[in-house]
Amino acid sequence: MSVIHIRGRHGLNGEIRIQGSKNGVLPIMAGALLHRGTTVITNVPIIQDVLCMMGILEYLGCHCTLEDHTAVIDATYAEVAPVPCAMSGQMRSSVMLLGPMLGRFRLAVSRHPGGCCLGNRPVNLHLDAFRALGAQIRTEGEQICVFANRLHPATIRFPYPSVGATENAILAAAAVSGATRILGAAREPEIEMLCAFLGSMGAKITGGGTSCILIEGGVSLHDSTFEVNGDRIVAGTYLGALLRSGGRLLLRGAAASQMEESLRLLSSMGMEIAVRPEGILAKMSGRPCACDFSTGPYPEFPTDLQPVMMAGCASADGESRIRENVFEKRFSCAEELRKLGASIIIEDRFARVKGRHPLHGARVQAKDLRGGAALVAAGLAAEGETFVEGYEHISRGYEDISRDLAQAGAEIALE
Ligand code: UD1
């Protein structure tokens with residue numbers, strides 16, 4: 001099993017090219033299933049979740065290639081088949097196939113999706129959206145079967161702006177003739193990206209990125225080429241690492257317009273940030289200030305960056321308070337951060353982090369994707385050597401975190 005080995009306390013100086021967005025590309029790849037033809041996707045990150053999604057698409061009869069960050073998906077001969085447990089169990093985004101399968105084949109069968117263990121992750125809102133479009137649902141144990149003789153357009157109202165449920169509703173509705181409205185939609189940039197992708201194939205969708213999305217479904221789709229945006233969470237991770245290492249980083253391809261709340265918080269902790277046409281330029285010197293923040297649906301602070309900010313708070317000057325509003329078990333890296341000397345008290349959805357400086361190296365275990373990245377960030381600022389185990393979690397979403405940070409001067413290697 002690979003381990004990330006870090007010798008801490010080197011500043012970060014240089015440039016990192018930000019990979020394409022994981023949470024953007026996965027629903028887009030699922031969406032390729034809607035078109036009986038070829039879809040080309042560029043700036044695709046080479047991460048485990050992308051490889052897993054390709055594996056599932058191939059299992060369903062698509063022909064896929066991935067070369068030089070370009071994926072070509074030919075879904076002409078795709079057929080309906082239950083997504084095997086071994087595949088759907090590996091990642092949460094396998095659930096994104098339900099919408100396009102239902103739209104194209106009027107039948108979708110999959111297991112309750114896997115992915116990071118962040119507490120209870122129900123799919124009731126996804127299923128409610130399918131029901132609104134006329135589908136019936138049968139669940140047997142972990143198996144979910146969604147089917148319909150006829151689907152019809154509908155007004156879908158979400159009581160909570162779920163990212164995945166909004167994406168699934170869009171993907172299914174794109175294949176249903178007539179006008180479907182989604183009210184209470186999630187507004188994440190990845191949803192805007194999905195709508196732009198479907199638009200590039202000929203779909204008629206307006207309102208992506210707002211809470212009201214209108215889909216004129218059932219229009220015929222054509223071959224297309226689409227470029228995935230830079231990953232705002234990866235960019236935020238590297239800024240989080242800079243927060244405690246200090247130095248100067250240019251994040252090429254990072255979209256500052258999608259990161260307003262994160263950049264505001266980082267500035268309040270002492271980071272100097274300049275938005276450049278080529279990306280984000282950030283400088284940090286001295287110890288970060290403590291902060292108070294809570295996570296929430298976009299445009300609020302992203303839950304995916306909460307662990308890396310918690311790592312930042314661990315060596316900040318003063319006591320920070322964090323409220324996690326999206327996932328109930330997103331503090332699991334706290335226990336590992338404590339092994340590096342962090343002082344963190346968790347009470348329900350709140351964390352109190354007393355800054356300590358410096359942290360010290362230790363052997364720690366990544367238990368989920370973003371928590372793992374947070375441990376890497378913490379290790380960079382810790383005195384001595386840190387070994388981060390559980391690389392299989394980190395590689396689900398980061399193309400090569402050691403390569404990127406080593407390029408900016410960190411002493412870090414995957415062993
Ligand atoms: C997506 C992202 C994930 C990110 C999250 C929040 C992908 C692959 N994953 O996850 O990285 O952390 O958005 O920005 O893009 N919920 C329900 N019922 C449902 C669906 C969700 O109660 O049917 C709840 C969840 O338990 C959670 C909240 O809604 O408390 C947010 O979930 P959601 O926005 O759906 O996140 P995901 O799509 O799972």
Side-chain angles (χ1 to χ4, degrees), residues 16-32 39 41-57 64 66 69-71 73 87-88 90-97 113-118 121 162-164 166-168 171 186 188-197 226-241 251-255 258-259 262 279 295 297-298 302-308 326-327 330 366 368-374 376-377 390-405:
I16 301 177
R17 198 195 75 82
I18 298 301
Q19 68 185 58
S21 162
K22 163 187 168 288
N23 291 350
V25 75
L26 295 169
I28 287 174
M29 291 175 79
T39 301
I41 311 167
T42 62
N43 198 27
V44 173
I46 316 294
I47 51 176
Q48 279 310 316
D49 275 14
V50 161
L51 301 179
C52 179
M53 181 62 92
M54 273 183 64
I56 299 178
L57 289 170
C64 305
L66 177 58
H69 296 94
T70 297
I73 301 170
M87 291 175 156
S88 59
Q90 279 178 38
M91 63 166 184
R92 172 79 185 170
S93 290
S94 59
V95 76
M96 297 316 313
L97 288 156
C116 287
C117 242
L118 308 174
R121 291 183 83 173
S162 154
V163 178
T166 301
E167 291 168 340
N168 245 333
L171 288 164
E188 267 68 1
E190 291 74 23
I191 290 177
E192 208 174 335
M193 214 189 306
L194 177 64
C195 294
F197 161 70
F226 187 80
E227 181 174 335
V228 175
N229 293 344
D231 193 310
R232 65 191 169 102
I233 305 302
V234 171
T237 302
Y238 295 156
L239 291 176
L251 299 179
R252 203 171 273 284
Q258 300 177 357
M259 299 177 63
S262 313
T295 64
Y298 191 84
T303 172
D304 281 1
L305 282 180
Q306 180 265 105
V308 82
V326 181
F327 292 111
R330 204 155 209 177
D368 63 61
L369 164 58
R370 306 300 174 188
V376 171
Y391 184 67
E392 67 279 12
H393 294 290
I394 299 173
S395 62
R396 282 190 43 228
Y398 294 81
E399 208 174 83
D400 194 337
I401 197 167
S402 339
R403 172 201 65 197
D404 286 353
L405 292 165

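Both backbone and side-chain heavy atoms feed into the values below; hydrogens, waters and symmetry mates do not. As the structure is a computational prediction, the values presented were derived from the model and not from experiment. Starting from 1, each residue takes its place in the sequence as its number.
Residues Met53 and Ala30 share a closest heavy-atom pair of CE-CB, 4.1 Å. Residues Thr237 and Ala373 share a closest heavy-atom pair of CG2-CB, 3.9 Å. Scanning both residues, Leu405 and Ile16, for their nearest heavy atoms gives CD2-CD1, 4.4 Å. A pairwise comparison of heavy atoms in Leu251 and Ala235 identifies CD1-O, 3.5 Å as the closest pair. The shortest non-hydrogen separation linking Ile233 to Pro302 is CD1-CB, 4.1 Å. Closest heavy-atom contact between Ala366 and Gly372: CB-CA, 3.5 Å.
Phe226 places a side-chain heavy atom less than 4.5 Å from the side chain of Ile28. A 4.5 Å side-chain heavy-atom check between His69 and Thr42 finds every atom pair outside the cut-off. For the pair Asn23/Val163, no side-chain contact is recorded, criterion being any heavy-atom separation below 4.5 Å from C-beta on. Looking at Arg17 and Asp404, their side chains never come closer than 4.5 Å, going by heavy atoms from C-beta outward. Looking only at side-chain heavy atoms (C-beta outward), Met96 and Leu26 stay at 4.5 Å or farther from each other. Within the 4.5 Å cutoff, no side-chain heavy atoms of Leu97 are placed close to those of Leu171. Annotation: side chain of Ile41 is in contact with side chain of Met29 (closest heavy-atom distance under 4.5 Å). Put simply, the side chain of Pro45 reaches to within 4.5 Å of the side chain of Val50, judged on heavy atoms.
A donor-acceptor pair shorter than 3.5 Å cannot be found between the side chains of Gln48 and His393. Arg232 and Ser21 share no side-chain donor-acceptor pair at under 3.5 Å.
In this structure, CG on Leu51 lies 11.5 Å from CD1 on Ile56, to the nearest 0.5 angstrom. Between Ile73 atom CD1 and Met54 atom CE the span is 7.0 Å, to the nearest 0.5 Å. Here CZ of Arg370 is found 11.0 Å from CZ of Phe327. Values are rounded to the nearest 0.5 Å. With rounding to the nearest 0.5 Å, the separation of NZ in Lys22 from CG in Asp231 is 8.0 Å. Rounding to the nearest 0.5 Å gives a distance of 8.5 Å between CG of Leu239 and OG of Ser262.
Salt bridge annotation for Asp304-Arg330: present, with a cationic side-chain nitrogen under 4.0 angstrom from a carboxylate oxygen. Arg396 and Asp49 are joined by a salt bridge, as a carboxylate oxygen and a charged side-chain nitrogen come within less than 4.0 angstrom of each other.
Judged purely by atom type and a 3.5 angstrom limit, Gln258 has no side-chain atom pairing as donor or acceptor with the backbone of Pro189. Side-chain atoms of Asn168 come within 3.5 Å of backbone atoms of Val95 as a donor-acceptor pair (strictly under, hydrogens ignored). Using a distance-only test at 3.5 Å, with no hydrogens or angles considered, no donor-acceptor pair links the side chain of Gln19 to the main chain of Asn43. Side chain of Glu188 to main chain of Tyr298: a donor-acceptor pair is present (N/O by atom type, distance under 3.5 Å, no hydrogens or angles).
Ring-plane geometry between Tyr238 and Tyr398 is classed as tilted, the angle between the planes lying from 30 to 60 degrees on a 0 to 90 degree scale.
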